[in-house]
Structure formats: structure tokens, C-alpha cells
Amino acid sequence: LGGAGELTAVRVEDALFGEELLGKININTADGEELERLSGIGEKTARAIIAYRAENGAFQQAEDIMDVPGIGEKTFEKIKDDICVE
């Protein structure tokens, strides 16, 4: 593996950027601003996600976000590849 000045490959799955996996937003830890980066999620829905999380605990799987009022199958289809729960 690379010495000084050499590049090494890192799998995307292993590359961490803050609380987010590259390209994925953790719906259990994201703040409103991060959630609003998701397609179809505005300020009101971001607040609803955070409130739901506070009342019900962590999402166990990405699909659980559809339990949040205002998020149905269409919205989930738009964001499912951009979210994670851990």
C-alpha cells in the first residue's frame, strides 16, 4: 500500500465524512439542514422527521421514514438511495 506521495484506494463504503457516509445522510443523526438536502424534503418535513425521531426513537431501517407524516412512497423512492440509518 502507498508510501509517501502515493495514492491508495478506499472503498466508498469505508470512506466517512462527518456523520455521513459519502453521499448518504443518516436519518437518525442528521439535523434539519442535512435533511433538507434530500429531494422533496423541505423545512417542514425535516422538522417532522426530527420530531418523529425524538418521540419514537431511532429509525431501524430506511423504510421506517415513511411513518413520518408527509413522507409517502413517492418521496421515499426519491430519497431511498441517499439515506441510511447507521
Side-chain angles (χ1 to χ4, degrees):
L1 294 171
E6 291 184 31
L7 297 176
T8 58
V10 176
R11 293 183 341 170
V12 170
E13 294 84 11
D14 295 336
L16 292 176
F17 180 75
E19 288 289 313
E20 302 172 20
L21 216 55
L22 282 181
K24 298 236 181 196
I25 293 177
N26 184 330
I27 58 174
N28 284 323
T29 60
D31 63 19
E33 189 174 297
E34 291 170 309
L35 292 168
E36 288 179 47
R37 286 193 238 148
L38 295 166
S39 178
I41 305 296
E43 183 179 344
K44 181 179 177 184
T45 306
R47 282 194 313 248
I49 293 168
I50 293 167
Y52 183 90
R53 204 170 61 195
E55 291 176 23
N56 299 285
F59 295 102
Q60 298 302 304
Q61 55 190 14
E63 291 83 358
D64 293 343
I65 200 167
M66 288 188 286
D67 293 336
V68 175
I71 299 182
E73 287 186 39
K74 285 183 181 180
T75 300
F76 178 70
E77 284 299 316
K78 285 192 236 177
I79 66 173
K80 69 180 183 180
D81 294 330
D82 299 321
I83 62 174
C84 64
V85 293
E86 49 182 57

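Just so you know, these numbers come straight off a predicted model, no measurement behind them.
- A46 and G32 make their closest contact through CB-O, 3.8 Å (heavy atoms, listed as atom of the first residue, atom of the second, distance).
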Using the side-chain contact (heavy atoms from CB on, under 4.5 Å) rule, take N28 and E86 through it: C-alpha gap first, then chi angles, then the decisive distance, then the call. CA-CA 7 Å; N28 284 323; E86 49 182 57; over 6 Å; no
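- If you take CD on E73 and CD on E63, they are separated by 11.0 Å, rounding to the nearest 0.5 Å.
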After noting the C-alpha distance and the side-chain angles of I49 and I71, does the key distance pass the side-chain contact (heavy atoms from CB on, under 4.5 Å) rule? CA-CA 9 Å; I49 293 168; I71 299 182; 3.7 Å; yes
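- Here the straight-line distance linking atom CD1 of I27 with atom SG of C84 works out to 8.0 Å at 0.5 Å rounding.
- We find the CE-NZ distance between M66 and K74 to be 14.0 Å, quoted to the nearest 0.5 Å.
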Could you go step by step and tell me if I79 and I65 meet the side-chain contact (heavy atoms from CB on, under 4.5 Å) rule? CA-CA 10 Å; I79 66 173; I65 200 167; 4.2 Å; yes
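- Formation of a donor-acceptor pair under 3.5 Å by the E34 side chain with backbone atoms of D31 is found in this model.
- The two residues A48 and P69 have their closest heavy-atom pair at CB-O, 4.3 Å.
- Between R37 and E33, no side-chain nitrogen of the basic residue sits less than 4.0 Å from a carboxylate oxygen of the acidic one, so the salt-bridge criterion is not met.
- Results of the side chain to side chain contact (heavy atoms under 4.5 Å, CB included) test with F59 over N26, I83, V68 single out V68 as the only residue that passes.
- Using a 4.5 Å cut-off on side-chain heavy atoms (C-beta onward), T45 and T75 make no contact.
- Considering all non-hydrogen atoms of both residues, Q60 and V85 come closest at O-CG2, 3.6 Å.
- Atom CG of L38 sits about 11.0 Å away from atom NZ of K78, to the nearest 0.5 Å.
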